[in-house]
Amino acid sequence: MRILLAEDDEKLKTSLAFQLEKEGFSVDTCSDGEEALYYIEQNIHDLILLDRMMPCISGTDLLLQMRKAHNQTPVILITALGTLDDKVTGLDLGADDYLVKPFAFKELMARIRCVARRPRNIVYTDVLAFGDITYRPEENTLTGASGSCSISKREGDLLEAFLRNPAKPLSRTLLLTKVWGLDSDVEEGNLDNYIHFLRRRLKAVGSSVSIRTIRGVGYQIET
């Protein structure tokens, strides 16, 4: 699961990113509204933790722009403004939840689990399934028709991108961004290598699921 953390308090941002990554999430961070908008427009995140008051563009303005553009990525607003009117305004603008500073990390995790349980196009789940395979992200375990195997974190991130977009063509750029991040200088050949690794994994567990190369576009998982 990839999370965007938009927070202008550097100490809080660093602390939250560290703790979220320890929980197994992939985290992109930014410190102002313009940078957050750039990340949001890439549409690569499963959840956004959004500071309400940031330089350049406020969190509430970003949220309003997102929902007007029909971007339904779940958003948890994080703010020091905790009055009832503040909460109502944030929720009415389209936030999925509202967390008031200071807060315990355990509460943030509970809010993330709660938001992710709601029916969405992209959800956080313990098990992802497609065709005759299942994948458990927390355990990095792939199971197919004839057995199971462990896969690397990078292989798992790539497989998860496919399983959250079943039978859809995914561009090379999108896959590189989802797996390695926006700021990575990874070479495109690395993507081809990991596609090769995944194909071998699928064969090893006896799956009929395949990853098809779409020339000039990218790849697609299919049965």
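Throughout, residue positions are numbered sequentially from 1 according to the sequence presented.
- Nearest heavy-atom pair, Tyr98 versus Arg111, reported as atom, atom and distance to 0.1 Å: O-NH1, 2.9 Å.
- No side-chain heavy atom of Thr143 sits less than 4.5 Å from a side-chain heavy atom of Tyr135.
- Note: Leu63 CG to Ile48 CD1 = 8.5 Å, rounded to the nearest 0.5 Å.
- Ring pair His45/Tyr39 is tilted by interplanar angle, where 30° to 60° counts as tilted.
- Heavy atoms only, all atoms of each residue included: Gly144 and Ile133 are closest at CA-CG2, 4.3 Å.
- A heavy-atom distance below 4.5 Å is found between the side chains of Leu20 and Met109.
- Considering all non-hydrogen atoms of both residues, Ser207 and Asp132 come closest at OG-OD1, 2.6 Å.
- By the 4.5 Å heavy-atom criterion applied to side chains, Val27 and Phe18 are not counted as neighbours.
- Counted within 6.0 Å of NZ on Lys101, heavy atoms from surrounding residues, nucleotides or ligands total more than 12; the atom is thus considered enclosed.
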Could you go through Thr173 and Ser171, starting from their C-alpha distance and side-chain angles, then the distance that decides it, and tell me whether this counts as side chain to side chain donor-acceptor pair (under 3.5 Å)?
CA-CA 5 Å; Thr173 300; Ser171 71; 4.8 Å; no
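- The main-chain N or O of Gln19 is never found under 3.5 Å from a side-chain atom of Glu23 such that the two would form a donor-acceptor pair.
- With contacts defined as side-chain heavy-atom distances shorter than 4.5 Å, the pair Thr213/Ile195 does not qualify.
- Interatomic distance, Leu191 CG to Tyr219 OH, rounded to the nearest 0.5 Å: 5.5 Å.
- Minimum interatomic distance between Glu34 and Cys56 (heavy atoms only, all atoms of both residues): CG-CB, 3.6 Å.
- Between Ser210 and Leu202 there is no side-chain heavy-atom pair separated by less than 4.5 Å.
- Looking only at side-chain heavy atoms (C-beta outward), Gln65 and Ile57 come within less than 4.5 Å of each other.
- When every heavy atom of Gln220 is checked against every heavy atom of Ala167, the shortest pair comes out as NE2-O, 3.4 Å.
- Panel note: side chain Arg2, backbone Asp28; no donor-acceptor pair is recorded below 3.5 Å.
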Could you go step by step and tell me if Leu93 and Leu77 meet the side chain to side chain contact (heavy atoms under 4.5 Å, CB included) rule?
CA-CA 11 Å; Leu93 286 173; Leu77 276 179; over 6 Å; no
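- Here the CZ-CD distance, from Phe197 to Glu155, works out to 7.0 Å after rounding to the nearest 0.5 Å.
- No donor-acceptor pair closer than 3.5 Å links the side chain of Ser15 to the backbone N or O of Lys11.
- Cluster partners of Ile214, using a side-chain heavy-atom cutoff of under 4.5 Å among ILVMFWY residues and allowing indirect links, are Val217.
- Asn190 places none of its side-chain heavy atoms less than 4.5 Å from the side chain of Val179.
- Annotation: side chain of Leu175 is in contact with side chain of Phe162 (closest heavy-atom distance under 4.5 Å).
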Carefully, step by step, assess Phe25 and Asp46 under the rule side chain to side chain contact (heavy atoms under 4.5 Å, CB included).
CA-CA 10 Å; Phe25 298 106; Asp46 305 306; over 6 Å; no
Report the C-alpha separation of Ser31 and Glu35 in whole Å, then their side-chain angles, then the decisive distance to 0.1 Å, and conclude whether the side chain to side chain donor-acceptor pair (under 3.5 Å) test is met.
CA-CA 7 Å; Ser31 303; Glu35 191 177 6; 5.1 Å; no
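- Between the side chain of Arg67 and the backbone N or O of Gly94 there is at least one donor-acceptor pair closer than 3.5 Å.
- Evaluation of the salt bridge (Lys or Arg N to Asp or Glu O under 4.0 Å) rule for Asp8 yields no partner, not counting sequence neighbours.
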Run the side chain to side chain contact (heavy atoms under 4.5 Å, CB included) check on Thr73 and Leu4 step by step: do they pass?
CA-CA 10 Å; Thr73 303; Leu4 173 62; over 6 Å; no
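- Atom SG of Cys149 and atom CZ of Arg200 lie 11.0 Å apart (nearest 0.5 Å).
- Interatomic distance, Leu198 CG to Asn193 CG, rounded to the nearest 0.5 Å: 11.5 Å.
- Using a 4.0 Å cut-off between a side-chain N of Lys or Arg and a carboxylate O of Asp or Glu, Asp9 and Lys13 do not qualify as a salt bridge.
- Panel note: side chain Ser146, backbone Val205; a donor-acceptor pair is recorded below 3.5 Å.
- Distance check, rounded to the nearest 0.5 Å: CG of Leu176 to CG of Leu170 gives 11.5 Å.
- Side chain to side chain, Thr29 and Glu7 fail the donor-acceptor criterion of an N or O pair below 3.5 Å.
- Shown here for Leu62 and Ala36, the closest heavy-atom pair between the two residues is CD1-CB, 3.7 Å.
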